[in-house]
Participant: 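Handing you a structure now.
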Number of protein chains: 2
Amino acid sequence: MNLDLEKTLEKHNVKPTAMRLLVLQFLLTEKAAMSLTDLENHFDRSDRTTLFRTLKTFAEKEIVHKIDDGTGVTKYALCEEDCHCEIETDLHVHFHCKICNETICFPENKIPYINLPDGFIADDVSLTVTGICNKCNKSL
Amino acid sequence: MNLDLEKTLEKHNVKPTAMRLLVLQFLLTEKAAMSLTDLENHFDRSDRTTLFRTLKTFAEKEIVHKIDDGTGVTKYALCEEDCHCEIETDLHVHFHCKICNETICFPENKIPYINLPDGFIADDVSLTVTGICNKCNKSL
DNA sequence: ATAGGTAATGCAACAGAAGTGCATTATTTT
DNA sequence: AAAATAATGCACTTCTGTTGCATTACCTAT
Ligand SMILES: [Mn+2]
Ligand SMILES: [Mn+2]
Ligand SMILES: [Zn+2]
Ligand SMILES: [Zn+2]
């Protein structure tokens with residue numbers, strides 16, 4: 001049992017169950033964003049519903065953020081340290097590679113301010129670039 | 001039969017069948033982006049598959065553009081005049097209102113250039129703002 | 001005009017993802 | 001230990017998108 005993982009969950013008021021620790025650890029080792037199906041395939045023994053609700057809890061408690069990469073499959077990635085998923089400060093660009101099918105975070109690329117017409121209020125914003133990633137680009 | 005509608009389809013090398021003209025007309029009258037289900041509900045008499053393939057053809061021939069507004073339901077909206085769905089010139093911001101559930105185009109808000117790390121190639125980009133639209137904002 | 005070929009349509013069925021209800025099991029509190 | 005609360009697992013459902021195939025409409029060449 002990794003104590004750091006437990007601390008992370010407790011800091012976000014999530015009880016550190018066995019499954020949750022495993023999911024957190026898995027997300028830490030993977031640098032690409034993961035889908036529910038990805039988790040399902042990795043954890044053969046666990047039920048999809050449990051994984052689904054684990055991700056839901058993690059997203060609600062701001063341990064992970066949900067990513068809509070345009071594929072129709074929701075992806076999840078760990079939030080940065082001290083992230084509160086705030087529109088002005090935390091939201092960043094995501095990149096989806098159409099060759100290797102991986103979706104990655106660009107935490108350095110914050111989403112630029114969007115000037116909306118009068119009366120419109122922005123709560124959330126999503127900016128996804130689709131194309132070819134650096135790894136796939138090399139092997140062309 | 002509206003001749004303008006026929007001209008529009010022919011200009012994009014799409015044969016102007018009855019259904020296609022009706023769909024095009026419907027999209028012209030609606031200012032919000034429409035989903036396949038929206039079309040299905042509006043055209044009681046037509047088959048879902050026909051509408052699906054109509055939208056697919058329209059998208060391929062650049063009559064409409066597909067919009068991923070983060071709801072998990074693909075929306076479609078008519079392209080601007082002379083649009084070629086080019087990443088630098090044509091792609092624009094979309095707004096999804098979480099109250100009235102409408103998704104609208106902001107053709108004036110072109111998507112800003114995104115500076116990607118070395119080796120990454122951008123083919124496509126999607127920027128969707130979620131929040132409260134001007135109409136719903138008034139009635140709060 | 002007719003026959004043959006091509007394109008569009010309609011019906012049925014399927015796949016994948018997301019989500020819910022409920023019973024069971026585990027954990028915490030009293 | 002008993003009661004209360006939370007997490008898990010199973011079954012089932014809904015929704016969206018998609019494909020195969022037979023039928024129908026349309027166009028073209030003779
Ligand atoms: Mn991210
Ligand atoms: Mn648009
Ligand atoms: Zn790649
Ligand atoms: Zn609204």
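In the text below, chain A, chain B and the rest are named by the order of the sequence lines, each starting its count at 1.
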Participant: Taking all heavy atoms of A:C85 and all of A:D90, pick out the closest pair and write down the distance.
Facilitator: N-OD2, 3.0 Å
Participant: Applying side chain to side chain donor-acceptor pair (under 3.5 Å) to B:H96 and B:T130, what does each step give before you reach the verdict?
Facilitator: CA-CA 5 Å; B:H96 175 73; B:T130 305; over 6 Å; no
Participant: Determine the interplanar angle of the A:H92 and A:H65 rings, folded into 0 to 90°, and report it as parallel if under 30°, tilted if 30 to 60°, perpendicular if over 60°.
Facilitator: perpendicular
Participant: Return whichever of B:D47 or B:K15 has its heavy-atom-nearest nucleotide of DNA chain C closer to the 5' end.
Facilitator: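 The residue closer to the strand's 5' end, by nearest nucleotide, is B:K15.
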Participant: Could you give the CD-to-C1' distance, from A:E40 to C:dG16, as a whole number of Å?
Facilitator: 11 Å
Participant: Expressed as a whole number of angstroms, how long is the span from A:R53:CZ to C:dT25:C1'?
Facilitator: 14 Å
Participant: I need the A:T57 OG1 to A:K15 NZ distance, nearest 0.5 Å.
Facilitator: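 So the OG1 of A:T57 and the NZ of A:K15 are separated by 11.5 Å.
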Participant: Send over the distance from A:K66 NZ to C:dA17 P, rounded to a whole Å.
Facilitator: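 After rounding, the gap between these two atoms is 15 Å.
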Participant: Between atom CG in A:L39 and atom C1' in C:dA17, what is the gap in whole Å?
Facilitator: 14 Å
Participant: Can you tell me how far NZ of A:K11 sits from CD of A:E62, rounded to the nearest 0.5 angstrom?
Facilitator: 12.0 Å
Participant: Between B:R48 (CZ) and C:dA15 (C1'), how many Å, whole number?
Facilitator: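 Result: 14 Å.
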Participant: What nucleic acid atoms does A:S35 come within less than 4.0 Å of, heavy atoms only: base, sugar-phosphate, or nothing?
Facilitator: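 Nothing: the residue A:S35, judged by heavy atoms under 4.0 Å, touches no strand.
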Participant: When the distance from CG of B:L51 to P of C:dA8 is rounded to whole Å, what number comes out?
Facilitator: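 Going from CG in B:L51 over to P in C:dA8 covers 15 Å.
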Participant: In dot-bracket form, 5' to 3', how is DNA chain D paired? Count Watson-Crick and G-U wobble pairs only if both distances fall under 3.5 Å, and write | where the partner sits on another strand.
Facilitator: ||||||||||||||||||||||||||||||
Participant: Between B:H94 and B:F106, is any pair of side-chain heavy atoms under 4.5 Å apart?
Facilitator: no
Participant: About how many Å separate CG of A:N109 and CG of B:N115, when rounded to the nearest 0.5 Å?
Facilitator: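 CG of A:N109 is found 7.0 Å from CG of B:N115.
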Participant: Walk along DNA chain D from 5' to 3' and tell me the first and last nucleotide with an atom closer than 4.0 Å to a non-hydrogen atom of chain A.
Facilitator: D:dA6 to D:dA11
Participant: Checking all strands, does A:T17 fall into the base, sugar-phosphate, or nothing category for heavy-atom contacts under 4.0 angstrom?
Facilitator: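 Here A:T17 touches the backbone only, sparing every base.
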Participant: Out of the candidates B:T54, B:V64, B:T8, only one should pair with B:L24 under the side-chain contact (heavy atoms from CB on, under 4.5 Å) rule; please name it.
Facilitator: B:T8
Participant: Rounded to the Å, how far apart are B:L36 CG and C:dG10 P?
Facilitator: 14 Å
Participant: If you find the nucleotide of DNA chain D closest to A:R45 and the one closest to B:V73, which residue's nucleotide is nearer the 5' end?
Facilitator: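 Its nearest nucleotide being more 5', the pick is A:R45.
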Participant: Where do A:L116 and A:A122 come nearest, in terms of heavy atoms and distance?
Facilitator: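 Smallest interatomic distance, heavy atoms only, reads CD1-CB, 3.8 Å.
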Participant: Under 4.0 Å, counting only non-hydrogen atoms across every strand here, what does B:R20 touch: a base, just sugar-phosphate, or nothing?
Facilitator: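 If one applies the 4.0 Å heavy-atom cut-off, B:R20 turns out to touch the sugar-phosphate alone, with no base involved.
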Participant: So A:T37, base contact, sugar-phosphate only, or nothing? Heavy-atom distance under 4.0 Å.
Facilitator: sugar-phosphate
Participant: What is the distance, rounded to the nearest whole Å, between atom CZ of B:F52 and atom P of C:dA8?
Facilitator: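 These atoms are roughly 15 Å apart.
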